[in-house]
Chemist: 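Structure in structure tokens, see below.
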2 protein chains.
Amino acid sequence: MEVIDYAYLESILNKKNLKVTPQRLHILSLIKQFGHMDIDELYLQIKKNYPYMSLATIYKNISVMVENGILNEIKIAQQKTKYELLADFHAHFICTNCKKIEDLDIDISCILKGFDQASVQSVQLQIYGICNACQKKKNLI
Amino acid sequence: MEVIDYAYLESILNKKNLKVTPQRLHILSLIKQFGHMDIDELYLQIKKNYPYMSLATIYKNISVMVENGILNEIKIAQQKTKYELLADFHAHFICTNCKKIEDLDIDISCILKGFDQASVQSVQLQIYGICNACQKKKNLI
DNA sequence: TCAATTTTAATAAATATTATCAAAAAATAA
DNA sequence: TTATTTTTTGATAATATTTATTAAAATTGA
Ligand SMILES: [Mn+2]
Ligand SMILES: [Mn+2]
Ligand SMILES: [Zn+2]
Ligand SMILES: [Zn+2]
């Protein structure tokens, strides 16, 4: 069980002039803990120790935090949109079998050659395939 | 006005054992013509010369054709899912100003080094930024 | 503590997608 | 061509998802 640094989460909100509320801290702490979450997973987890939080509050806060650059939105084929804490660029490996999402540290400078620096705002790179764990399971069958 | 090769579109459906219907041919011809379309754009265009086609028919056929590998689904931030005819790998440039989508022929072998060939099924690469046309308009202001 | 401002919860409203099913159309065989 | 089988369509009901509304509650800074 990871210890949550609430002071850090508060500072994220403060920097963007968003008020610190228990709801927002809880959403952020879950996303920090799980890495990549969609609205339903969030709602499910939140109901465990915060049963009275409204689904609308989650939707509203997620979109506010995306707009303010606190969260990064990741759209994935055949899955609901996932959210993660904004971080340095990294790609994602998505297992089409178990749906798990892995962060990938890939250097993409080789594909950005030839682009005007100023014209590129962000890059999304997703690699779909079978993860190691699923690969092993398949071999056993 | 592009001449549409219906025989070609029919062969696409035949290969997948999907029956050839005017509705399917019309959907395919629009996607071929426009390149990348979402459900609403399709419905709008279809109503022009096919006013009686049901929205449910469009949804159903799009998902059938995605399942059969005829269409490729492209999920884009802040936009509805776009569909295109399945083609060789290419990346997409998405203008965050005018929302236009451009095909990009980028060699991604440099980012797939280190991956087990067998474990990678597909790759999605999206580059968000300001397109040339919008760049020029900005400079005029 | 007080007051201004923002956020929340509940839920209504609006959008978006999928399911149902009888009628129509497509493919195939006779 | 016609009959038969199978698939698809259109209409619309049912679900699912997302956004809007608003009074009450919470946050924050003075
Ligand atoms: Mn990530
Ligand atoms: Mn394309
Ligand atoms: Zn897996
Ligand atoms: Zn543009």
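We use all heavy atoms of the structure for the numbers below, so side chains are in, but hydrogens, waters and symmetry mates are not. As the structure is a computational prediction, the values presented were derived from the model and not from experiment. Order of the sequence lines sets the chain letters (A, B, ...), proteins ahead of strands, with each chain counted from 1.
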Chemist: Short question: side chain of B/Lys75, backbone of A/Gln79 - any donor-acceptor pair under 3.5 Å?
Modeler: yes
Chemist: Let me know, please, whether A/Asn14 or A/Ala56 comes out on the 5' side of the other along DNA chain D by nearest nucleotide.
Modeler: A/Ala56
Chemist: Roughly how far apart are B/Ile106 CD1 and B/His92 NE2, rounded to 0.5 Å?
Modeler: 10.5 Å
Chemist: In whole Å, what is the span from the CG atom of B/Asn17 to the P atom of C/dA27?
Modeler: 11 Å
Chemist: Please report the distance, rounded to the nearest Å, between CG in B/Asn61 and P in C/dT18.
Modeler: 13 Å
Chemist: With respect to the phosphate group of D/dT19, does any side-chain polar atom (N or O) of A/Tyr59 fall under 4.0 Å of OP1 or OP2?
Modeler: no
Chemist: Give the rounded distance in Å between these two atoms: CD1 of A/Ile58 and C1' of D/dA20.
Modeler: 17 Å
Chemist: Within the structure shown, what part of the strands sits under 4.0 Å from B/Lys80 by heavy-atom distance: base, sugar-phosphate, or nothing?
Modeler: sugar-phosphate
Chemist: OP1, OP2 of D/dT9 versus side-chain N and O of B/Thr21: anything below 4.0 Å?
Modeler: yes
Chemist: With nearest nucleotides of DNA chain D determined for B/Gln23 and A/Val20 from heavy-atom distances, which residue corresponds to the more 5′ nucleotide?
Modeler: B/Gln23
Chemist: Can you check whether A/Asp38's main-chain N or O pairs, donor with acceptor, with A/Glu41's side chain at less than 3.5 Å?
Modeler: yes
Chemist: Which atoms form the tightest heavy-atom contact between A/Glu102 and A/Cys131, and what is the distance?
Modeler: OE2-CB, 3.8 Å
Chemist: What is the distance from NZ of A/Lys16 to C1' of D/dT27, rounded to the nearest Å?
Modeler: 20 Å
Chemist: How many Å lie between CG on B/Asp40 and C1' on C/dA14, as a whole number?
Modeler: 14 Å
Chemist: From C/dT17, C/dT8, C/dA26, pick the nucleotide closest to the side chain of B/Pro22?
Modeler: C/dA26
Chemist: Nearest to the B/Tyr50 side chain among D/dG10, D/dT28, D/dT8, which nucleotide is it?
Modeler: D/dG10
Chemist: Do B/Tyr6 and B/Tyr8 make the cut of ring centroids closer than 6.0 angstrom?
Modeler: no
Chemist: Rounded off to whole Å, could you give me the CG-to-P distance for the A/Leu25 and D/dT28 pair?
Modeler: 9 Å
Chemist: Does C/dA9 have OP1 or OP2 sitting under 4.0 Å from an N or O in the side chain of A/Thr57?
Modeler: yes
Chemist: What is the distance, rounded to the nearest whole Å, between atom CG of A/Leu18 and atom C1' of D/dA26?
Modeler: 15 Å
Chemist: Could you state the CG-P distance from A/Leu13 to C/dT7, rounded to the nearest angstrom?
Modeler: 10 Å
